Structure formats: C-alpha cells, structure tokens
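Worksheet: one structure, shown below.
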Amino acid sequence: GEDQATSADAFGNFPKTPKWKFVFVCHVTTNPFFTPTQYGAEDACKLIGAEYQWTGSVNSVVAEMVDATNTAISSGADGIALAVVDKAAFRGPVDKALDAGIPVVSYNADGARDDVGSNRLAYIGQGLYESGYALGQRALTQIDSGEVAGFIATPGQLNIQPRIDGAQQAFKDSGKPITFTPVATNADVTQGLSIIDAYVQGHQNVAGLLAVDAGSTQSVGQVVGKYKLRDKGLKVAGGFDLVPETLAAVKSGDLDYTIDQQPYLQGFLPVFALYLYKLSGGLISPTQTNTGLLFVTKDNVDPYQNSKTRYEGSDTAPKLVERSGPIAHE
Amino acid sequence: MSDTIASPAATGADQPEPPRPARRVLRTATDAFLRRREASVLLVAIGLVVYFQASTPIFLTTDNLRNIAQATAPTAIVAVGIVLLLVSGEIDVSVGMVAALAPYLMHYAIDLYSIPAIPAILLALVIAAGIGFVNGFITIRLKVPSFVTTLGTFYLLYGVLLTTSHAYPVAIPEPTKGNIQTWLGAGDWATLAWCLLVVAIFHIVLTQTRWGLHTISVGGNPLGATEAGIRATRVKTGNFMIVSVLGAFAGLLEAFRINSIDPNIGGGTRITFTAIAAAVIGGTALAGGSGTVIGALLGMLVLAELQNGFNLLGISANSFFLIQGIAILASMIANQYLSRLRRAGRT
Amino acid sequence: MSDTIASPAATGADQPEPPRPARRVLRTATDAFLRRREASVLLVAIGLVVYFQASTPIFLTTDNLRNIAQATAPTAIVAVGIVLLLVSGEIDVSVGMVAALAPYLMHYAIDLYSIPAIPAILLALVIAAGIGFVNGFITIRLKVPSFVTTLGTFYLLYGVLLTTSHAYPVAIPEPTKGNIQTWLGAGDWATLAWCLLVVAIFHIVLTQTRWGLHTISVGGNPLGATEAGIRATRVKTGNFMIVSVLGAFAGLLEAFRINSIDPNIGGGTRITFTAIAAAVIGGTALAGGSGTVIGALLGMLVLAELQNGFNLLGISANSFFLIQGIAILASMIANQYLSRLRRAGRT
Amino acid sequence: MEAAPTQALRVENIAKRFGALTALRDVNLHLNQGEVLGLIGDNGAGKSTLIKILSGFHKPDEGRILVEGEEVALRSVEHARQVGIDTVYQDLALVNELSVYHNMFLNREKIRWPLLNNRLMRRLAKQHLDDMGVNIQDVTVEVAKLSGGQRQAIAVARSVYSDARILLLDEPLAAMGAKEGTLILDLISDLKARGTVSIIIIAHNYAQVLQVCDRVNVLQHGEITFDKPTSQTSQQELTDLVVAEYRAGRAARAANNRRSNP
Amino acid sequence: MEAAPTQALRVENIAKRFGALTALRDVNLHLNQGEVLGLIGDNGAGKSTLIKILSGFHKPDEGRILVEGEEVALRSVEHARQVGIDTVYQDLALVNELSVYHNMFLNREKIRWPLLNNRLMRRLAKQHLDDMGVNIQDVTVEVAKLSGGQRQAIAVARSVYSDARILLLDEPLAAMGAKEGTLILDLISDLKARGTVSIIIIAHNYAQVLQVCDRVNVLQHGEITFDKPTSQTSQQELTDLVVAEYRAGRAARAANNRRSNP
Ligand SMILES: Nc1ncnc2c1ncn2[C@@H]1O[C@H](COP(=O)(O)OP(=O)(O)OP(=O)(O)O)[C@@H](O)[C@H]1O
Ligand SMILES: Nc1ncnc2c1ncn2[C@@H]1O[C@H](COP(=O)(O)OP(=O)(O)OP(=O)(O)O)[C@@H](O)[C@H]1O
Ligand SMILES: [Mg+2]
Ligand SMILES: [Mg+2]
C-alpha cells in the first residue's frame, strides 16, 4: 500500500519535502486489530507524500521487535512509531534512534503503568491495561457477585496479557464478591471456540464472560447464543474488537458490548506527529494523545454492521460513511 | 497389518489346553483387540473419560461430547494426511496455511467471481491439491528437504493470505448458507461424521491398498523401495497432495462451523503441530515407515479430551498449561506402559 | 568427515596431467572448500549478501552487520544443540520454553534468594541440564517418542513460567548489570562471539570426538550402534541436556541483550522451529544420522539475512511473508543445485 | 520350448563411474536364451554395479544394453520389469516394516480391486517358502524379526516366482543354509529346464556356481576377462584365477611402495 | 602360551522366547580355551539369537553363562566387551553415515585426548584391509557406498583386530569373495595358532568350517544336537544331518496335512 511516487510534491499548504519514511514496529504485525491502523498510516502518508513500513514480530517476540527497530535505525528511517510492549527492552533502541536524530513515538502500548519504558517523544494510543480496566469496569455496572471468566488467546503475549491484567484489577478494586478466572483459549479461533464452549459446559451458572482478543470475543458471542445463556443467569458478556461475528452478537444481544480502540487513529496520528516534527525542525514536538476507546453496544452497533469501512478494517475502499441523527451522549 | 503375532513355534512350545467355547470367543476378541497397535492409546482415551466423568458429571453429556467431537475432528482430518506423509518419510508444515487459505479461496470465487457454491468449494480443494503438488515437486524433483520446502510455502501462502484478505475475517458467503453450511461443518455432528469417513477411508488406503503398502515402503526403506521398482516420486507427491486437500477440507469445515472465514483458522503452525503430535501419540514414527490412521484419531481424541476436561474443571490460564503438560506426560508414559504389557501378554 | 571423496580408482582411470604448482594450490584449496557439505549454503549466504548490498548500500554497514549478527546468534546457538539432537535421532520442541524460563530462574535466584550473579546464572544452566535429563529419561527409559515428551515438557514449563512470573516481564537483576550483562549479551558483538565459540566447540565435538561419532551412530543405525556396544541412552540423554543448556544460554543472552526478562523470549515454539529450519537448511537430516553444526550456523545466517534484507528494503509485513516464502524456496533450490554441481564436479 | 538362437541379453561397452571411482570400465557380456550364467569376481569388482545397471537402477555412463536383440535405454526399475528383467539385490530390498507376505509380493501385489488380496498372497507366500525349505512360522510377521537366511529367502522368492524372462540374482545364496541353498539351486535348475528364463547368478561359492551354471564369466578391472562354458573349467581354475591376480597385484604394490618410499 | 584346561565359555540351559516363538529351548555348549568351534544349523535355527545372547545384546529367559569358569550376567554389549567377548554380527552393525575407518574402530576409537586420532585409525584401517586382501581405494569413503563384501570385511576387521579373548563370528564370510574368504580364514588360523583367543564361527559353507574349526556343533530345535571334533566328521555327514532332518520334517508335515484335511 505504499505510494509509488519517487519524491513528494508539495501537498496542500505544506512545503515540498523529501519522501520521508516512517517505520511502524508492531508486536503482532499480522493481527487483524492492526489492519485499520495500517490503513490509517497509509492514508496519512498519502496526504503528505510520505511512506511507511509495517514491521516487527508476528508473535510478540520482543527480540524480533528490537531487531526490527535496530534495522529501521540502520536503514535511516525518518521516524519510528513503536509499540512499547516491554518496559526495559526498548530503552536502548529508542535512545539510539534519538541519538541518530530519528524521532520516535510510541503507539498502542507504552511500557508499564508505573514506567513508560522508553524516552519516546510521546505516546499516541489507548493503553492496553487501561482498556482492560475499562472492560472490567463496564462489566461491573451489570454484575455484583458470582463467577466471571476472562478469555485470553495467548497468555503471556504482550498485546493482550495487559488487558486481562487490567480487567482483573478492576474486579479486585471494586471489592465486590466476584471471582475472576483468566482462561487460556488459543491463537487458533476454532480451538478457542471449543475451549470456551467447554468452559461454559463446566460452569453453568457463570455470571460473566469477558474476552480480551478478537477471536475469543467472537467465540464468547457464539457460545452465549448457542446455549441461550442469557436465559440462564448470565449477567454480562463483552470483549474487544469489531470482527463481523462479534458485531452480529452485539446486535442480537448475545454480547453486551465490545470495545473499539479506534485502531485507525493509532496509525493515522503517529504519522502526523512524526511528520510535523520533521517539518518543523523539531519545534512541533509530538504530544501525548489518548486515542480513547468506544463501547459498541446494541444502541450504536448498526453503523458498524451496515457499512463496511476502511476505518474499522472491514473494507479496503476509501469512502465516505454517511451518518445522520443525533449523536449519543450522557 | 504387519504388527501381528507369530503363531506358536512348532519347535516344542507346550500349548495350553484350549479354553471352553464362550470364554474362547471372548478371549479371541480380547486378543484381536490387544493385538492392534492402537489398543493402548484407546485405553488411555477411555481412562481419561473415566477420570473426567468422575470429576465432573457434565463430561459425558451430549453437549459436551459434541464439543469434544468438534475439537477433535478438523485436526484429526489433517492428522490423517500427516500420518500418510510421515509414513512416506516426508513432512508438511504448510498445511495450516492451506487450511486458512481454502475458505478465502472459496470466498473469492463466490463473492468476487460469482462462481456457484459447490464448484467454488471444489475449486478451493483443487487449488489445495496444486499446492501439494508443488510441495512434492520441489521436495522430490528439486531435492529440497520437505521441512524447508513447506516452510517456504508456509510463508508464501501466509503472504498470499494476508495480502489478499488484509488479515481481516469475512462472513461465510451467502450462497453457502443453509444446507451446504450445515452439511459441511455447522451441523452438530457434521465435522465428526466427515472426520470418521476420512479416517475410515484412509485407514483402508494405508492398510489394504497398494498405495498404502508403497507409502510404507518408500518411508521404511527408500532405497529398497526404489530397487523394487516402486515410484517414490509418485507416492510421495500423491501424499503431499492428500495432506493439502485434507488441510483445505478441514479449513472449510472449520469456517462453516465457526460461521466466519478467519485468517487464524489453523493458527499458523498450530494445526500442523497438533496433528503431528496426534499422529505420534497414535503410534506414527517421525522417521517414516510406520503409522496408523486410527491411532492418529485416537491421539487427537486424547489431546482434545485433556483440553476439554481441564476446561470443564475450570483450570485458569496459567496453571492450565502446567496441568496439561503433566497430563500429557503421564498419559503417554501410561500409553507406553500399556503397549509394553500388550506386547508381553500376547498369546 | 564422512563426506569426502574417493581417490581415483586404480582400475585404469586415466589421470589428468598434474597442474602447475600455483594453480595446484588454488585448485586444492577450491577442492577442499567444495568438498565440504556446507559449501553450497555458504555460497547462498554470500549470494544474498551480494544481492542485498546491490539493492541497498546500507546492508554492509557495521550497524547493520551487528543487527544481522544479533538476529543470527541466539537461534544459531539453539540450532547447534538441535543439530546434535537431530543427528542422534531425537527432537526437542521444549527448548524455546527453556530459553524463556532460564532468565526467570536467574531472576528468582538473585532477587528472591539473594544468590550472587554468577552462581545464579550457573544454577539456571544446571536446572536447564536437569530438564534435558528428564526429557532424555522419559524418551529413552520410558520410551515415549521425543516429540511427545518434549511437547509435554513444553506445556509444563510454559505453565511453570506463567504461574511463577504471572506472565509479566521483569527487569534484569541489578547485580548482573555492568560487566556481566555486557559480556553475556548486551555488548555489541557479544552474542556473535558466544555463538561462534559454541559453533566451533560443537563442530569439533561432532566431527572430531568419540561423542560426535557415537551421536552419528545412534542416529544413523540405532540397532547397529547398540550391537557395537555404544550406550545409546547415555549419548541421547547427553544431547538432550546439551540442547537444553544451549537453549537456556541463548535465553540468557537474549534477556541481557534486550535488557528485559520477558516470558516470550523464544516465542514459544518459534525458536525451535527456526532452529530446526536452520539445521535442515544447513544439511542436517530430520531422520537422524547426519548433520553439520557449521551448516546450521550458515542456515540461520541465510534466514537472518532474508529477514534483515527485506526489512531494510522496506517491505511491509503482509507482502513480507510472500517475498520471504519465495526467497526461501528460491535459495534452497539454488542450494540444492549448487550442491549437485559440487558433487558432480569433484575431481 | 527350444532355446532360440537369439541372445536374451547383450551388454556392450558398459562403463560406470562413481565420482572419481571407475566401477566398470568396458563390460561386454551376453546371456543366451534359457541359459544360466555365473558371474564371479573379487569383492568390489563391480558385479553388483553391473546388475544394478541391468535392472534399471543405475544409469550407465557409456555403452548399451540389448534385450532380445532390441536396444533398450532402461529408465527405471519399473521399466526394466516391464521389459521382463527381475532382480534379487544383494541388499535384498526388503521393507522391515512390512510383513513377510507383503514383502514377497512388493510392487507385484495380488489385487482384488481396489483392495489387496491378502489371503491369496498369504497362501502363496507360505507355499513358496515351503518349496524352498525355509521354515517361517507365520508369514504375517514383520521381516525385521527374521533371521538373515529367512530374509534372503523372501527376496529370492519374490523374483524367482515372478514371471520374469530374465533373472538377475546377486549372491542369492549368501545367507542360505546348506539345505535351503540346495533347494533353491534345485528350483533354479527347474527354471532352466523349462527354458523360458535366462539367469545371471553372482556367487562366491564356486562349487555352487559350477553345479548350476552353463557358463562362467569373471569380472576384473571393470571388464569381463574370462568367459568359458562350465564344462571347460573347474573350481581350481577359477580359484587360481582370482588368487593369481591377487598375488600379482601384491607384488606390484610392494614394488610400487619400494619406489615411492626409497 | 599353553591352552589352559579351563573352558573359555560355557553356556548352560539357555532359553529364549520372542513372544510366542521359542527361538532357543535348552542350549548347552562349551568353548575350550584357544579352540575354534563351528556352529551350524538351518536358517532360523537360532544361531544368531544365541550369539546375541553371548554378546550381551539379548537377555536369555533362562540359563546361565560362564566365562572362564565364572558365571556372568551380561548386562550389555559394553559389559560383554569388558569381559573380553567381541562379536561380528550377521547384520554387520555398520553405520552407513560414517567412513570406513570410523566404522572399523567404532566404539573402540583411537584417541589423542580429547580428539580422535584419525590419522592412526586411517593408517591401521588401510593396513588391516590390505592384510585381508580387500581392495578399498579410500578408507575415508562412507561405508554406504561400499560393496557387500567390502562392508563385511570392515565388520570382520573390527572384531578380529580387537584384543578380545572370545570372538563370536556370525557368518563372517557370507559375502566374501573366494580370495578374501581364504585370507580371512588364514587370519583366523593365525589367531588360533597364538592360542590366546577362543572363537565360535557360524557358517553355512561346511568346507570352510571343516578347514578351520576344531569342533562342530549343530543347533536344531533350539538345542545342540550334535557335537563332534572336526576330525571325526565330514562335509557329507553334516549335510546328511540337516537334510535328513528336513526329509523327516517334510514327511511328518505331509502326514499332518492328510490328517487335518481328510
Ligand atoms: N553408490 C556408490 N557410490 C560410490 N561408490 C560405489 C557405489 N556403489 C558401488 N561403489 C563402488 O564401486 C565398486 C564396485 O562395487 P560393487 O558393489 O559393484 O562390487 P561387487 O563386485 O558387487 O562386490 P561384492 O562381491 O563385495 O558384492 C566398489 O569399490 C564400491 O565401493
Ligand atoms: N527380535 C526378534 N523378534 C522376534 N523373532 C525373532 C527375533 N529375532 C529372531 N527371531 C526369530 O527367532 C528365530 C531364530 O532366529 P536367528 O536369527 O537366531 O536364526 P539363525 O539360526 O541365525 O538363522 P540364519 O542362518 O538364517 O541366520 C527365527 O525364527 C526368527 O524369526
Ligand atoms: Mg556385490
Ligand atoms: Mg543368523
């Protein structure tokens, strides 16, 4: 998806610049979550005549990400956007990049809660841990006691482990008599479905089913529908991401909510932050940006379902999404 | 076959009195059972059923059995192909990608090229066969070790999958909804039925046909098989094609079952890895020359039972793996112990 | 060893005139090079260097060479162990977990039990050796196939890792910071230096010692080796221990290099998988009995070059796999072609 | 049936090199219709290599092969079989993982389409082994478990009971007991009597060779250096031939050593 | 040195079963100091099984083994070697992936600690092969590439040139050429002349057996049924022995068949 032009013309009100290359280092390069992120980066680059590279690790192997970052520095990248999924490992590479005059921002993940893990210029995104915490908090509005299971495809992997840790913390902080059990599913969605099915078989009176990755979330929706768990005392079911089956489950009421982390922004904004830094000779320094999260519920699921858009990753074509009517608010 | 008992030596082994008819029938049946290589894995699988049923009464409910069946079937189908290929002395690590790609191929054919459902499904299977053929060609004609060849095709297919699908799940094509989807995976016992059919067919192929005999020969003694005039190229390439087609078929079944075409079907190398594990647990040698299709099914059943049973018991994520690891080791040690007993106890 | 040429037959082969001294030395050197099994992979590795350097002048900069070295070294160290184990006829899929666990073991020892740095590191390696011993024991004494045994230990160790670490990365212990960390991974060329040392040692072990000869024997002809009085149990168990220790060592190096103890070092089965690929590319047979340590290093170098080169060229993830797959197939077909030329061209 | 005057097999100027080693330099040999030809020679003389060329396993570097007067370029073992050539290899070519009867019919399986006719193969296997005087309790046992002689018997039975017109037997009696060897030689005599099969036998036991062969060839230095009807030679002559060769070689080598290490 | 009156090896009531098959029922056998004992018998009689028991490879189900008057329970091949027993197996026990000289010194490698002394092994290997009249151009070649007889020569050299006190040779000459076979028999005679080694040879070629053995035992029905000094027997007697057995068996079987299929 890169622009084929060799050097950029002037775009809009901006001066002519070299064709800058921004490298995104991701911990799970092929994860569908980041499909819209890549579109966001691509669209931003198109606007300003830059190009981007999407690289890193497939299975959140930090060493591979470090290698990719080092390679980006060697190759003379003009800016780096980095998912800082480890609070120590990227300190050296980021410093090295900064020393080499390459601006670095973090996106999607920014070290640990107590330590941002690098000297990046700014963080653009919604924290994984925070989003997990939000998952739990939202569930707490519907549940006061009982058993809650949290499904995670690959325990220990840094793209999702912080989410489940966040959710667990939310329940702990609430002080309610709720037992939260993290349950491992599988990177293979088909296995995940069987595992969630089995768990539910063994825990007929489970009060809440949460999931922290796209595959597990869609499977939770399917299992709730299959056993009509809504009629059997299940109080809350929710998860992450917007794949078609998940949206269908939200629509049918099998899932109460799913969290949209607005991944498009996590690609679009870092490109602009890096671009403006380069353009202004460092005068415009990237700023902390919370890309937020959005709860998709039965009330607002329709536009997600009815329109396939590049902004959610469900389509490749750039097109205008029409909307009308009032905007929901508190 | 092959693994059968020798009759008593004529050289003076004292024969026990023949037992009375009723007991004799029973004993013959028991013997015939124990003589099978798959007997010990079956006993392990049964042992696990007993254990889990004792731990939780839900284990043997219809719902849960269906659940186990669905977790067993697709990987077992792949494992059947893997058994044939391992027996012939080769390996295929790309089959998981074929499983992921096949539903997309069907989706492209139907939704982009407006091909009707059944031909689209067949097309996906034919392309899979083509992939198997290429694997075979590069491995045998160009003499690249099959592990490396299929590692190459793994990445290649992964690239094709990602670039064409943008790593995003899509819905099952409309024209397949209804009967086709039900029969090809969504029906409660559909995957199991297909799995049993595939197992039955390839059990016969491996044990009762020339193809099977030649597969064992090229894996067991490649030089000798060639000396005997067996065309190793054809046999091995054929088995590569069988694996790919079965992989594609398993992928289609899974897509229909989970009602979504997802790039993570097969989980990359997960399905291959698990299929190899199932095959090896069932008694297939990684080094080639021997293996059983039914054993692979039982091996997969053992793995699925362990997964399902501990999930039923509600073991949480982190300790799950600990327990699963111990359980695998314990079952397999028991398995070996049983099969030693079996061999020693032959009459 | 073993793969050397036969001298001309006395039975009347016409000998060419001996060439003149200078050319003869050159020719002898070329011959000696071409005679080595690793020659063709080396040529492929060199070919890739030429290609990537032609595509981007950055490829051969010191910075980038260090990148390649750091990406090659840890997996190559594991691959060395995998070569020995594959040659002896066994496999270990748990080594990636040992790599992930070892830094935690060091961390627990130092930070929880206040053991000094060096003994703590040694303790981690000793525990790794113990894991290898258990793998060997279950495989050889209890006769569980090694793929299944190590699949069991894989899960078991994964469980231990997750339950003890809570799946959370921790910082490198204070006492190891400074010299230890620099020497054991963080230094620019430290991992490469260790890697070359390990390769050199085990190349000699495999080709020039009894251990190596016996390793080849138990893998090449298990029955024959036992008949010759070689203690297969000892040799195989030893090689299981070597793999585990090298895996732990690679894990420690990686932790020090990336300055973080991460539960995902090794990437689960990724490191095993890549190490096996490197070994097989380098000429090790999956079926046992033959392999080369230097070949595995070169195999890993080829894989790392491909990864690094296409990254330098700015290929993005999705198409990356496509290109990587094609590149692996093309290089390996070239490799086989070169090695056929090599064998045919022997004088 | 009378032996036709045509030659069942004719080999002209065959050469075969393995890298730098010349196994066969210039082999010329013929096998008459219905004849049994004994082929002898030192260890490593190239006898098995020649057999493997005739069976389509190796490709010769030079030379040509004529079967019943027609030149054929043997593409594969399968092809040679189609031409009517069947072989007992010195390494026996048994698949340890298969049973006795499957090995005995390997690649010539009895079929009841689409399945194997195991019952028939079992019966025939028992019968063949019986005819050869070889005692194997159970033909369903894996060949890996058999004794050396039992294994060889299976390989021999595989070819001898095929309907090949040309049989190549590479040391078929090496591991056979005195009794079993005698019975197999009888079988070969029977085949000869029928006159439809032409046979090349390699053996180191000259007594056996002389007992059953019509003609003897000696392979030395990659060439056939001796070709006489059995009636015109003796065990003594054959023995002298190879030992004389050895003595001469030894003397030459000794002289050579003296020259190169003065 | 004079042959002591003790027995080098004594085997009492050895039995060995493989599942339902009784390979050895009740074997009693002795080997005097410095003696060469020929062991003959049908294919599948159990000769190799007996050898593998004596070499520590198989464990007997019953019976005991005495080496130089001491009872030993052989735990492993390694253990048997320590006791002074070395074996040439019928399957040769060669590792195809290793070179000729490494095979020849397998598990008895010459060491210059910590490395192998390859140069010495190469030199000795060349020398041994030369003494046996076996022509192998290059001892660094892999044994997979050798001819049948060359392979056997390596296996034989491995044991014959060891310093074992008891040698068990299972058909050591099966694949050897006339010349090479003669030379190896000479070597064995040399060993015998020295009187320090006691040898059991299995062979199907009775002429060879009679030429070099002091005594002959016949293994039949899992027992030793015949034990005579060579001087008191002849090729004819031995042949009659096994063939008579066969004829009787055949008649019995025919009678049996008549009974069971009336
Ligand atoms: N595949 C091969 N590669 C290299 N050399 C080979 C190969 N096959 C045979 N040779 C060599 O060719 C020569 C002839 O071998 P061949 O097996 O034909 O001998 P032979 O006459 O059958 O001997 P024997 O009586 O011992 O069986 C030997 O020196 C052997 O080492
Ligand atoms: N590992 C085993 N498992 C089962 N049966 C075996 C095994 N080894 C040998 N046998 C059987 O034991 C019997 C004796 O075999 P053995 O090899 O000792 O015979 P032998 O006297 O050496 O014959 P030959 O002259 O053919 O070498 C045979 O019937 C054989 O099939
Ligand atoms: Mg030969
Ligand atoms: Mg024997």
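Keep in mind that this is a model prediction, so the values were computed, not measured. In the text below, chain A, chain B and the rest are named by the order of the sequence lines, each starting its count at 1.
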message = Please classify the contact between A/Ser314 and chain B as side chain, backbone, both or neither, with a heavy-atom cut-off of under 4.5 Å.
response = both

message = What's the separation between atom CD in A/Gln222 and atom CD1 in B/Ile258, rounded to the nearest 0.5 Å?
response = 6.5 Å

ask   = Of the backbone (N, CA, C, O) and the side chain (C-beta and beyond), which part of A/Gln38 lies under 4.5 Å from a heavy atom of chain B, both, or neither?
value = neither

request  = With a 4.5 angstrom heavy-atom cut-off, could you sort out which part of B/Leu162 is near chain A: side chain, backbone, both or neither?
outcome  = side chain

task = Can you tell which part of A/Phe34 gets under 4.5 Å to a heavy atom of chain B, answering side chain, backbone, both or neither?
result = neither

inquiry  = Could you measure the distance from the CG atom of B/Asn318 to the CD atom of A/Gln161? Nearest 0.5 Å is fine.
reply    = 6.5 Å

B/Asp262 portion near chain A, given a 4.5 angstrom heavy-atom threshold = side chain

query = Is the side chain of A/Asp188 donor-acceptor paired with the backbone N or O of B/Gly266 at a distance under 3.5 Å, no angle test?
reply = yes

request  = Measure across B/Tyr168 and A/Pro244 and return the closest heavy-atom pair with its distance rounded to 0.1 Å.
outcome  = CE2-CD, 4.4 Å

ask   = Is the number of heavy atoms from other residues, nucleotides or ligands within 6.0 Å of CH2 (B/Trp183) greater than 12?
value = no

Closest heavy-atom pair and its distance - A/Pro155, B/Phe321 = CG-CE1, 3.7 Å

note = Cut-off 4.5 Å, heavy atoms of chain A, and the answer for B/Gln70 is both

ask   = How many angstroms lie between OG in A/Ser194 and CZ in B/Arg257, if you round to the nearest 0.5 Å?
value = 4.0 Å

Partner of A/Gln201 under side chain to side chain contact (heavy atoms under 4.5 Å, CB included), chosen from B/Thr56, B/Leu312, B/Asn308 = B/Leu312

message = Quick check: closest heavy atoms across A/Gln191 and B/Ala71, and the distance to 0.1 Å?
response = NE2-O, 3.9 Å

key: Greatest number of heavy atom pairs closer than 4.5 Å to chain B - which of A/Lys226, A/Gln204, A/Lys308   = A/Lys226

Residue, of A/Val58, A/Ile152, A/Thr316, that accumulates the most heavy atom pairs under 4.5 Å with chain B = A/Thr316

Side chain / backbone / both / neither for B/Thr75 at chain A, heavy atoms under 4.5 Å = side chain

query = Out of A/Ile195, A/Leu193, A/Thr35, which one racks up the most heavy-atom pairs below 4.5 Å with chain B?
reply = A/Ile195

request  = Heavy atoms only, distances under 4.5 angstrom: which of A/Ala198, A/Ala153, A/Gly156 has the most pairs with chain B? Name it, please.
outcome  = A/Ala198

request  = With a 4.5 angstrom heavy-atom cut-off, could you sort out which part of B/Tyr158 is near chain A: side chain, backbone, both or neither?
outcome  = side chain

query = Checking A/Phe151 against chain B: side chain, backbone, both or neither under 4.5 Å from a heavy atom?
reply = neither

query = Of all of B/Ser260, B/Ala255, B/Ala167, which one pairs up most often with chain A through heavy atoms under 4.5 Å apart?
reply = B/Ala167

request  = Enter the distance from A/Asn31:CG to B/Asn264:CG here, rounded to the nearest 0.5 Å.
outcome  = 7.5 Å

key: Residue pair A/Asn186 / B/Arg270: nearest heavy atoms and the distance that separates them   = OD1-CD, 3.7 Å

inquiry  = Under 4.5 Å from any heavy atom of chain A, what part of B/Thr163 do you find: side chain, backbone, both or neither?
reply    = neither

ask   = Where is the tightest heavy-atom contact between A/Gly202 and B/Ile58, given as atom of each residue plus distance?
value = CA-CD1, 3.8 Å

key: Pick from A/Val183, A/Ile196, A/Ile164 with the largest number of heavy-atom pairs that fall under 4.5 Å of chain B   = A/Val183

Which atom of B/Leu313 lies closest to which atom of A/His203, heavy atoms considered = C-CE1, 4.0 Å

